[in-house]
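All remarks here apply to the structure that follows.
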Protein chains: 2
Amino acid sequence: METLHVDLGDRSYPIFIGSVLTNPELVTPYIQSSQVCVVTNTTVAPLYLDKFCAALDGYKVTRVVLPDGESYKNLDTVNLIFDDLLSNQHNRKTTLVALGGGVIGDMTGFAAACYQRGVNFIQVPTTLLSQVDSSVGGKTGVNHALGKNMIGAFYQPQVVLADTEVLETLPPRELSAGIAEVIKYGLLGDAEFFSWLEENVEKLLACDTEALTYAIKRSCENKAKIVALDEKESGVRAFLNLGHTFGHAIETAMGYGEWLHGEAVGAGLLMASDLSHRMGLIDESVVQRTRTLLERANLPVKGPASISNDQYLSLMSVDKKVMDGRLRLVLLKQLGEAFVTSDIPNDLLIDCLNSNRES
Amino acid sequence: METLHVDLGDRSYPIFIGSVLTNPELVTPYIQSSQVCVVTNTTVAPLYLDKFCAALDGYKVTRVVLPDGESYKNLDTVNLIFDDLLSNQHNRKTTLVALGGGVIGDMTGFAAACYQRGVNFIQVPTTLLSQVDSSVGGKTGVNHALGKNMIGAFYQPQVVLADTEVLETLPPRELSAGIAEVIKYGLLGDAEFFSWLEENVEKLLACDTEALTYAIKRSCENKAKIVALDEKESGVRAFLNLGHTFGHAIETAMGYGEWLHGEAVGAGLLMASDLSHRMGLIDESVVQRTRTLLERANLPVKGPASISNDQYLSLMSVDKKVMDGRLRLVLLKQLGEAFVTSDIPNDLLIDCLNSNRES
């Protein structure tokens, strides 16, 4: 087992990585009363809900099993969590546990942030993507019909349990989606890690425990370093959105859930690299290395044929990074060095969109 | 005009009290981009929306007019604010303005706390109750079918404009409801202010500007002192709930909106005084003074005939102050000194409920 401490002053917390799902000693020190509410979904519940709850012997545990999928990440579904909490008289000392992927983590964290204006919560991410992404940063929230992740809160968990064994039951498509976020950390700030991935990506796809533990820890370290500098996203934290402005546009245009978040980010990473190259910032070899690594991870490297340039531009303009109507993007200065710019030549952006569209 | 500074470190803000509604100099320094969204309701809009917006000449202002009433204080109504923000492409530098009573303030503040994980907001409370209550403390949120104020956030405004002239158009019943909260501050921590109220309550009912300005400032000072000690309500802030556990039970049992919040608090204040007396903590004369002052303010001093003791006990047990299933109440040690206790003899509580029920 590896341990990583996320340092955020009085909101600091540990991440335990490895075979950690069923170890009461890792979780009970972070529960402050007898009440616990475990939130999961219909896919994870039959696999891991009983197993996890076995570690909570002696607690009054209520269980909320939500429908699975990004399309349910909205206020109505969060309200189902509130229904359980209130009908079972959970008080402000209760602890919510998010047992599932990013969608469960985002909604449960947001429910914890809002229930009685804030109760404790514990993240037990069961997908690679949520282990390397939602584990660090405290972003919680839901989608709105008009925009992704537009409603939410910054809210930190008490502890994160990132279990590597559960990844063996993850569908291959979702494992790849998680690898997209792992690749992102290499691209935006850790060229050495990018090279490590070029040597080890097949081990990740094969669920090699040691490789997974290393990749999860290093990704979380990279993210934690950035978040510690900028908890509320006023500066460098924007780097974490590399590929995401393109990716969110894809997800919104296709309808939430059609493309996995990590798949949309995969295509978005290549668009960001490609645009950086067109703008004369990076060498074409970086674009090629990115493309090859994404392809080896079985990730899409082009956006859907059905999204027009106008659709992209309109959807990208409601992105949270837009300031006073001007599009801002995270791009690359070199492999392992991101930056934010609103100085984006429109013709190059159009070329980039045209070149990275499935035919 | 009077100014009060609420001291909360980097979340400090001023409250301007007096004729302040239409003064751009008081509001524009707290708006950080060209975007503003003013949220109000169908009652306040025809009276003050144009008037207020005139102070925002040169800004891109969108307007959200919500249905009026506590019964609309829920997630669905907050979603109407998000609809406006997203369809008008408000970004994370936007400023929300709450122009209305406590319901508008609570929902708009919660929307500001959640929109893109937090944008700025300005409170322009237009009822006496919201001027003395919601102006300080940063409590925002909505009701759930199973409990009042169960979903929300602690979130501070950039500035509060408490205009005394708008109170002239307030229905007398609502003015009285506000006075209930004013009386609360005297009872729980400021005996001298309680005596002042015994001499001046009729001036408040007659909308005397000087008396109102004094009462609003002194109430906000009392609240600010407590909130500064305990922003997240782990200790003394609970004193502010004097009368509220009873009051919330009345509001929930009757259906939100039947009794005004301040009216329920009025009856609750007398119940809390009466129970404190029955437990041998305060002299009967304090109960009598409280009753007389509430009656002079045209407030109810008894709960509705239709609520049974069992209903009270059940509704009071889901209150946020309940710890591990044990009822806790704010009671009085003496006039001007509140405390929290869970050592409440059940027979005395029953006697108190029976004696303070309309026949």
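As the structure is a prediction and not an experimental result, all values here were calculated from the model. Per chain, numbering begins at 1; letters A, B, ... match sequence-line order.
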Steps toward side-chain contact (heavy atoms from CB on, under 4.5 Å) verdict (A:Asn79, B:His144): CA-CA 9 Å; A:Asn79 220 15; B:His144 184 283; 3.5 Å; yes

Residue A:Phe110 versus chain B: region with a heavy atom under 4.5 Å: side chain

Nearest-0.5 Å distance, CG of residue A:Leu146 to CZ of residue B:Phe82: 12.0 Å

Contacting region of A:Thr140 [heavy-atom separation from chain B under 4.5 Å]: backbone

Close side-chain approach of A:Gln116 and B:Ile151, heavy atoms under 4.5 Å: no

Residue A:Tyr72 excluded, over 12 heavy atoms near OH under 6.0 Å: no

A:Met150 CE to B:His90 NE2 distance, which is reported to the nearest 0.5 Å: 12.5 Å

Leading residue by heavy atom contact count with chain A [cutoff under 4.5 Å; candidates B:Leu75, B:Asp83, B:Thr94]: B:Asp83

